[in-house]
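To start, the structure itself, in structure tokens.
Along the sequence shown, residues carry numbers from 1.
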Amino acid sequence: MLQYLTATADDGAIPLTPLRKADLGRWLEVENETACRWVVGNGFTADGGTTITIPGADGGIERALVGLGENGGLWDWAGAPGRLPEGTYRVEGALAPADAGRAGLGWALGTYAFARYRKVEAKYATLLWPEGCDRDGVEHAARATFLARDLINTPASDMGPQELAAAAAALAGEHGADCRVITGDDLLEANYPAIHAVGRASTRPPCLIDLTWGEADAPKVTLVGKGVCFDTGGLDLKPAGPMKLMKKDMGGAANVLGLAHMVMAAGLAVRLRVLIPAVENSVSGDAMRPLDVIPTRKKLTIEI
């Protein structure tokens, strides 16, 4: 799945040295003069996400450095695969397991591309899996993040309540989970009046996605994610500027689906439940109005 992380041995892999800003001075003290002059002359200061390649006598890349800024976080690694020339790199020196995990996951996330509607031409550098890296953990986290990003990036024309429900059902099928969807007027019969009220004006009916997984007697973990696939504001219509990014209003749902993937892929000993109210808040004669009072499942009333 992770195209630019590999376990294949490569004797020609280019050494890649990670350096925090505080460590750059010590590195310059022990390296050869030519490499130091090259690094200093090109203004490399080990800022997070920056890289530099050091040429060898034959004109090729002898080694590379990646800057980790002050603390060496996940996103400091994420810039490296796009900035380094194509080729295979190996981390030089031992990393603590947590640092190795951040290196692997950061590298993976830095290669994400949304390719649903057009071919992506970008090419990235490849990294040999860092020694001590939890490869399964990185795979699960990267897949979860890619899933959430893909769902959020998909425009509302192709990501309405039913498409979001289909994505949840596909995830459930992958992990042997159960997925139940209550749709349209059935929400009223099941006592979900608020979900129905928000989504009733759309031609795409609202629904409640209810995914369950794990042993019934295991500790219970429930994740709830907002699944407003597009929010016009209804009759209280949003201005054009704020409405442009309303496809991301289902980002909560996308994130809990990603987290659910991580929980299920890791086989955690929990009873997982994911609840996603999925709606399109649209405009029609049936739309709720400002100052309407609607009931809720909890028997409280809400003034819009």
Side-chain angles (χ1 to χ4, degrees), residues 1-113 120-143 145-146 149:
M1 172 204 136
L2 302 183
Q3 181 179 354
Y4 296 99
L5 280 163
T6 180
T8 305
D10 187 341
D11 293 337
I14 300 165
L16 176 64
T17 303
L19 286 173
R20 290 177 169 83
K21 291 180 71 70
D23 297 330
L24 178 60
R26 288 190 292 273
W27 184 88
L28 292 171
E29 289 175 1
V30 299
E31 285 303 311
N32 67 75
E33 182 181 353
T34 301
C36 292
R37 290 175 60 187
W38 181 267
V39 169
V40 173
N42 282 279
F44 180 78
T45 57
D47 289 332
T50 59
T51 63
I52 188 171
T53 56
I54 301 173
D58 61 356
I61 300 174
E62 181 175 282
R63 63 189 309 180
L65 310 179
V66 56
L68 300 184
E70 301 294 342
N71 299 310
L74 179 74
W75 301 111
D76 297 319
W77 283 95
R83 291 192 174 102
L84 289 169
E86 287 185 58
T88 300
Y89 296 79
R90 60 173 176 82
V91 176
E92 188 176 42
L95 296 177
D99 290 332
R102 281 189 283 269
L105 182 55
W107 196 279
L109 297 183
T111 66
Y112 170 79
V120 177
E121 302 290 348
K123 299 292 185 181
Y124 298 97
T126 298
L127 183 69
L128 292 175
W129 280 100
E131 186 175 347
C133 179
D134 176 5
R135 291 174 53 182
D136 286 343
V138 168
E139 290 262 8
H140 300 334
R143 162 72 196 284
T145 307
F146 291 175
R149 289 177 176 179

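- By the 4.5 Å heavy-atom criterion applied to side chains, Pro55 and Glu62 are not counted as neighbours.
- Of all heavy-atom pairs between Ala125 and Pro85, the closest is CB-O, 3.6 Å.
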What do the steps show when you test Leu128 against Thr6 for side chain to side chain contact (heavy atoms under 4.5 Å, CB included), and what is the final call?
CA-CA 5 Å; Leu128 292 175; Thr6 180; 3.7 Å; yes
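- Residue Trp27 places its CH2 atom among more than 12 non-hydrogen atoms of other residues, nucleotides or ligands, all under 6.0 Å distant.
- Here the closest non-hydrogen pair linking Gly110 and Tyr124 is O-CE2, 3.6 Å.
- Judged by distance alone, with hydrogens and angles left aside, the side-chain atoms of Asn32 form a donor-acceptor pair with the main-chain N or O of Thr34 at under 3.5 Å.
- Side-chain contact between Tyr89 and Leu84: present, with at least one pair of heavy atoms (C-beta onward) separated by less than 4.5 Å.
- Looking at every heavy atom in both residues, Glu92 comes nearest to Pro18 through O-CD, 3.9 Å.
- Summarising the geometry, atom CG belonging to Leu127 is positioned 11.0 Å from atom OG1 belonging to Thr111; distances are rounded to the nearest 0.5 Å.
- Rounding to the nearest 0.5 Å gives a distance of 10.5 Å between OG1 of Thr126 and CD1 of Ile14.
- In this structure, Arg63 contributes its side chain and Thr17 its backbone to no donor-acceptor pair below 3.5 Å.
- Between Asp47 and the choices Lys21, Arg83, Arg20, the salt bridge (charged side-chain N to carboxylate O under 4.0 Å, His left out) rule is met once, by Lys21.
- For Val66 against Ala80, the heavy-atom pair with the smallest separation is CG2-CB, 4.0 Å.
- To the nearest 0.5 Å, atom OG1 of residue Thr88 and atom OH of residue Tyr4 are 11.0 Å apart.
- In Asn71, the CG atom is not crowded: 12 or fewer heavy atoms of neighbouring residues, nucleotides or ligands sit closer than 6.0 Å.
- Expressed to the nearest 0.5 Å, how far OH of Tyr112 lies from OG1 of Thr145 amounts to 10.5 Å.
- Pairing each heavy atom of Cys133 with each of Gly101, the nearest pair is SG-CA, 3.9 Å.
- Residues Ile52 and Val39 come closest through the heavy atom pair CD1-CA, 3.9 Å.
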Could you walk me through whether Leu2 and Trp107 pass the side chain to side chain contact (heavy atoms under 4.5 Å, CB included) test, one step at a time?
CA-CA 10 Å; Leu2 302 183; Trp107 196 279; over 6 Å; no
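- If you take CG on Leu5 and CD on Glu139, they are separated by 8.0 Å, rounding to the nearest 0.5 Å.
- Using a 4.5 Å heavy-atom threshold, the side chains of Arg135 and Val138 count as separate.
- With rounding to the nearest 0.5 Å, the separation of CG in Leu65 from CG in Leu16 is 7.5 Å.
- With a 4.5 Å cut-off on side-chain heavy atoms, Leu109 and Trp77 do not count as touching.
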